[in-house]
Each structure stands twice: as structure tokens, then as C-alpha cells.
Amino acid sequence: MFRAFVNERLAAAAGEIRALFEKTRAECEEELRRSQDQNRRKQRLLEKILSPRVVLVRARVQTPPTRIKEEPEEEELPMETEADGENHHHQVQSRSTKVSAQNKSAPETSATKPYSCEACEIKFADLSTLTRHRRTHTREKPYHCLTCQKTFALKSYLDTHRRTHTGEKPYSCEVCEIKFADLSTLTRHRRTHTGEKPYHCLTCQKTFAQKSNLDTHRRTHTGEKPYSCEVCEMKFAELSTLTTHRRTHTGDKPYHCLTCQKTFARKSALDDHRRTHTKEKPYSCQVCEKKFRHRSALTTHRRTHTGEKPYSCEVCEIKFADLSTLTKHKTTHTGEKPYSCLVCKKRFCESKQEPINITKMVKLKNAG
DNA sequence: AACATGTAGGGAAAAGCCCGGG
DNA sequence: CCCCGGGCTTTTCCCTACATGT
Ligand SMILES: [Zn+2]
Ligand SMILES: [Zn+2]
Ligand SMILES: [Zn+2]
Ligand SMILES: [Zn+2]
Ligand SMILES: [Zn+2]
């Protein structure tokens, strides 16, 4: 039936994507490679351009900026069209100050970096670095993982990768004892303790510890939704949201309650559900100490203290604190006798063109 | 009238894994 | 070899609106 159709549709879409992907895989990787190379070059250019500027402010005359040769006009990749110009506004440069300080005293010249790559013109201070760098062009990856057949350009990459199979985590946080397989991840994790958040959103002033999280956040301002569902064409700002959305089509419910065998499409739903077995009530009202199993129950409960009534009937404009109460109330407007007196419950057939009666009823209600 | 339970999307925090260069 | 910074991807968690039933 419908479920089957949807699954078929999804499978077909997946097949199309796979076919397309296989066909253009090489080109895509090539393109990705090129854009990465290009970005690296741009990054270097940026460093060169930005750091001399620091010098220029103070010593404009004495250090004319080394002329940077413009690259032979290449097709710009979409992502860098406008990003480059404003990039450095979105993030503070706390992490690369050392580099620019160095550059100030020893600008990159062929004297300090005599080894330049034949493929991309980048210069290096020593030959070993250049040799290592060349592999980014040749794609030479001599180190193989025997477990999963992946290949790596450097032994250190393979060493790190192998830990994904062994589970070894040699780096542990001094503060919270959590262990990591990768030193970079630990370094980044430490920021959660220091509270360092170097990336700022210019639109709302929010700050972020990771750049990618800022990038994602900015979509909430731009409205960009790059991920779209293959079945219903709904669009999403994040892949994870699309992933859970897809389950509404497939009916996939990967989370199982071990107590009653019920299944759920998302973990939070299972967590909520589990509390119906454990009788746990983690949400408590600050006013009356009453406890609730679900957050939404607490939210509606709080209105009994505040008097807030967000739900109003479009017909008679009476307000309610609880949606189900409003829904029930609305039925008094349906049928042949859509209007009922709120005091005596008698029903009337008066049309909407009887505002006087209605306001009277409302007034009566509000007074009582 | 108040609460219980579940569905769904939005958003953020943090970690996983990998790469390049000093 | 170590270390550092950074990139894209994935996981995890929390929030809220809303529907439906008690
Ligand atoms: Zn492997
Ligand atoms: Zn820690
Ligand atoms: Zn923002
Ligand atoms: Zn869909
Ligand atoms: Zn209360």
C-alpha cells in the first residue's frame, strides 16, 4: 500500500542518486580536491595580504607589499563568491596571531622559503615539507588500513584512523577525564571548559566554539535550507533534521522500549515514553512544587498560575489556557445550531451577523 | 479544567574523523 | 616524530508547537 509505495519511491531516489554519484564520483572528488587546493592558496594569500597590512599601518614607506601575482582567471566556485570578502568579520583571529606576528619579522620570500611546489607555487622552508606536500597533488596514499581498506597519505593519519577500530583513546581531558582518540578533538573539547567561543554571529551576536556550528546557525537568519526530502520536497536547514523527517515516510522507528516493545522514530520520544514505566517526573513547577512527567504538561500547568490563555476561539473570541479545552469548546459552534449560550448551554441558530448576542455571551462568560 | 502522552520540526552543543603544514 | 589549527560530518540533546485522549 502507501507505505510500500513510499519505500519504493525512496529506494528509487536512492538508486538514482547512487547511479549519478558513481558516474560523477571521480569528477566530484577531483573538483573537491581542486577547491580545497584553491582554498588553501587563498588562505595563504589572505595571510600574506593581511599580515603585511599590520606592518603597513606603521611602516608604509619602508615595506612595499610584495606583489602577489593574480592567478590565471579560474572559474570561481560558488561558495567563495561573497564569503571571502567578509569571512574575517565572522570570526576573531585569536588563533592565528602567532602566524602574523612571525610574518611581520620574516616575510615569506624565496630566501626564507626556497622550496616551491611545481604544481601549485606554494613555497616551503624545507624540502621535507615540500616532499610531504607533493602527495596532496599526487594522491599518493601508501598507508593502508587492514581492517577497512582505507588508505592514507601519512602514517600518522593511519595511526589515528586505526583507533576508530580499536577504540583506543590515549588523550584524556585534565578537567573532566573524558578520553579522546584524537588530540585535536581534545584540544577543541577543552574549550567547553574554558568557555572560549571565538566565532561570532554578526546578525544576533551569538557566539560559538566551533566555526561549523556558526555556519549552521547563520542559516536560521538566511533561511537557507540545503537539504530536501526526496519524497515530499520539504526542505531543511540541517541534515539531521531531514534524516529524522525521512522516518515519517518510511515508518522507520529505530528506538525500542525494552519494557513494552513499543517503538519510536526518535530517541527523545522513547525517553519520554520510558518515564511512563518508571513513573519518573523530572519537571517540577517552581510555584507549587507539583511534578510532571512531560515538559509540555508542565508548560500548560504553569498557565494555571499565570492566567495566560494563548488559545482563543475565532467565533466568539473566548480564550483558553489549554488547547484541548478550546477544541472541545469549538464543537459548540458546529452543527445546525452553531451558537450556544455559555450560561444556560441552550443552542441558537443565529448567524455570525449577530455580534451583539455574541459579545453579550462573551461578557457574561468573562464576568462569570 | 487540567493533565498525559506522543509526533514533529528547529536549533544548538559537542564529538568523530580527517588533512595540511610548522 | 610531535604539535597545532582547521575542515566537513555526525551524534546528541533540548526546546517548542501541536494533536489527541483522559
Ligand atoms: Zn580502517
Ligand atoms: Zn573535559
Ligand atoms: Zn545569529
Ligand atoms: Zn518528506
Ligand atoms: Zn504549579
Side-chain angles (χ1 to χ4, degrees), chain A residues 32-33 35-37 39-40 43-44 91 94-96 98-99 102 113 122-126 128-130 132-136 141 150 152-164 169 171 178-192 197-199 201 206-220 225 229 234-245 247-248 253 262 264-273 275-276 281 290-304 309-311 320-329:
Chain A
L32 178 65
R33 241 359 164 139
S35 87
Q36 283 171 347
D37 282 358
N39 283 342
R40 254 182 288 141
Q43 177 63 35
R44 275 155 189 280
Q91 52 205 78
S94 58
R95 221 163 299 284
S96 46
K98 200 172 51 182
V99 175
Q102 274 175 359
K113 297 195 168 184
I122 298 179
K123 294 176 173 42
F124 297 93
D126 40 19
S128 63
T129 311
L130 171 59
R132 186 177 58 183
H133 162 83
R134 283 205 186 97
R135 285 186 195 170
T136 68
K141 293 181 171 182
K150 277 192 181 140
F152 300 89
L154 299 181
K155 182 167 179 300
S156 61
Y157 299 167
L158 174 59
D159 290 343
T160 309
H161 164 80
R162 260 206 276 259
R163 298 190 196 118
T164 68
K169 295 182 174 182
Y171 307 98
I178 295 179
K179 296 184 191 314
F180 299 90
D182 173 1
L183 180 61
S184 295
T185 307
L186 169 59
T187 306
R188 189 180 52 190
H189 162 82
R190 289 201 186 100
R191 253 179 261 169
T192 67
K197 293 180 173 182
Y199 304 99
C201 174
K206 273 211 180 92
T207 58
F208 297 85
Q210 296 186 24
K211 181 171 180 297
S212 56
N213 288 342
L214 169 62
D215 293 341
T216 309
H217 161 82
R218 294 187 80 244
R219 292 193 202 126
T220 69
K225 294 184 174 184
C229 173
M234 264 183 92
K235 293 184 186 308
F236 301 88
E238 294 192 43
L239 180 60
S240 59
T241 314
L242 170 59
T243 302
T244 52
H245 163 82
R247 299 196 187 121
T248 68
K253 295 185 172 181
K262 266 184 126 177
F264 299 88
R266 50 185 77 207
K267 186 171 172 298
S268 57
L270 173 59
D271 291 342
D272 279 354
H273 165 79
R275 290 199 288 273
T276 69
K281 291 184 173 182
K290 234 184 142 181
K291 293 183 190 311
F292 298 89
R293 192 157 297 141
H294 300 272
R295 180 178 297 271
S296 56
L298 171 61
T299 304
T300 50
H301 163 81
R302 258 198 294 254
R303 299 198 188 112
T304 69
K309 294 180 174 181
Y311 306 102
F320 298 90
D322 187 285
L323 182 62
S324 66
T325 311
L326 167 64
T327 307
K328 192 167 294 175
H329 158 84

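Each chain gets a letter, A, B and so on, in the order its sequence line appears, and its residues count up from 1. On a predicted model such as this, the values are computed, not experimentally measured, just so you know.
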Tell me whether the OP1 or OP2 atom of [N] has a side-chain N or O from [X] closer than 4.0 Å.
X: A/His161; N: B/dC18; answer: yes
X: A/Lys211; N: C/dG5; answer: no
X: A/His294; N: B/dT5; answer: yes
X: A/Lys267; N: C/dC14; answer: no
X: A/His273; N: B/dG6; answer: yes
X: A/His189; N: B/dA14; answer: no

In whole Å, I'd like the distance from the [atom1] atom of [X] to the [atom2] atom of [N].
X: A/Leu154; N: B/dC17; atom1: CG; atom2: P; value: 19 Å
X: A/Tyr311; N: C/dA19; atom1: OH; atom2: P; value: 9 Å
X: A/Lys179; N: B/dA15; atom1: NZ; atom2: C1'; value: 16 Å
X: A/Arg191; N: C/dC4; atom1: CZ; atom2: C1'; value: 11 Å
X: A/Phe320; N: B/dC3; atom1: CZ; atom2: P; value: 17 Å
X: A/Leu298; N: B/dC3; atom1: CG; atom2: P; value: 10 Å
X: A/Glu238; N: C/dC14; atom1: CD; atom2: P; value: 16 Å
X: A/Leu186; N: C/dC4; atom1: CG; atom2: C1'; value: 13 Å

Could you tell me the separation between the [atom1] atom of [X] and the [atom2] atom of [Y], rounded to the nearest 0.5 Å?
X: A/Thr276; Y: A/His294; atom1: OG1; atom2: NE2; answer: 6.5 Å
X: A/Lys169; Y: A/Thr185; atom1: NZ; atom2: OG1; answer: 10.0 Å
X: A/Leu130; Y: A/Lys123; atom1: CG; atom2: NZ; answer: 11.0 Å
X: A/Lys197; Y: A/Leu214; atom1: NZ; atom2: CG; answer: 12.0 Å
X: A/Arg218; Y: A/Tyr199; atom1: CZ; atom2: OH; answer: 14.0 Å

Just call it for [X]: base, sugar-phosphate, or nothing, with non-hydrogen atoms closer than 4.0 Å on any strand.
X: A/Lys150; answer: sugar-phosphate
X: A/Thr220; answer: sugar-phosphate
X: A/Thr185; answer: base
X: A/Lys290; answer: sugar-phosphate
X: A/Lys225; answer: sugar-phosphate
X: A/Ser240; answer: base
X: A/Leu239; answer: sugar-phosphate

Answer yes or no: side-chain N or O of [X] and base N or O of [N] forming a donor-acceptor pair under 3.5 Å.
X: A/Asp271; N: C/dC13; result: no
X: A/Arg188; N: B/dG16; result: yes
X: A/Ser324; N: B/dA2; result: yes
X: A/Ser296; N: B/dT5; result: yes
X: A/Asp182; N: B/dA15; result: no
X: A/Arg219; N: B/dG11; result: no
X: A/Gln210; N: B/dA15; result: yes

Quiz item: Quick one: are A/Arg303 and A/Tyr311 in side-chain contact, heavy atoms under 4.5 Å?
Solution: yes
Choosing from [options], which nucleotide comes nearest the side chain of [X]?
X: A/Leu323; options: C/dT20, C/dT9, B/dG11; answer: C/dT20
X: A/Ile178; options: B/dA15, B/dG10, B/dC3; answer: B/dA15
X: A/Arg293; options: B/dA4, B/dA15, B/dG11; answer: B/dA4

Exercise. Identify whether the distance between the nearest side-chain nitrogen and carboxylate oxygen of A/Asp215 and A/Lys211 falls below 4.0 Å.
Key: yes
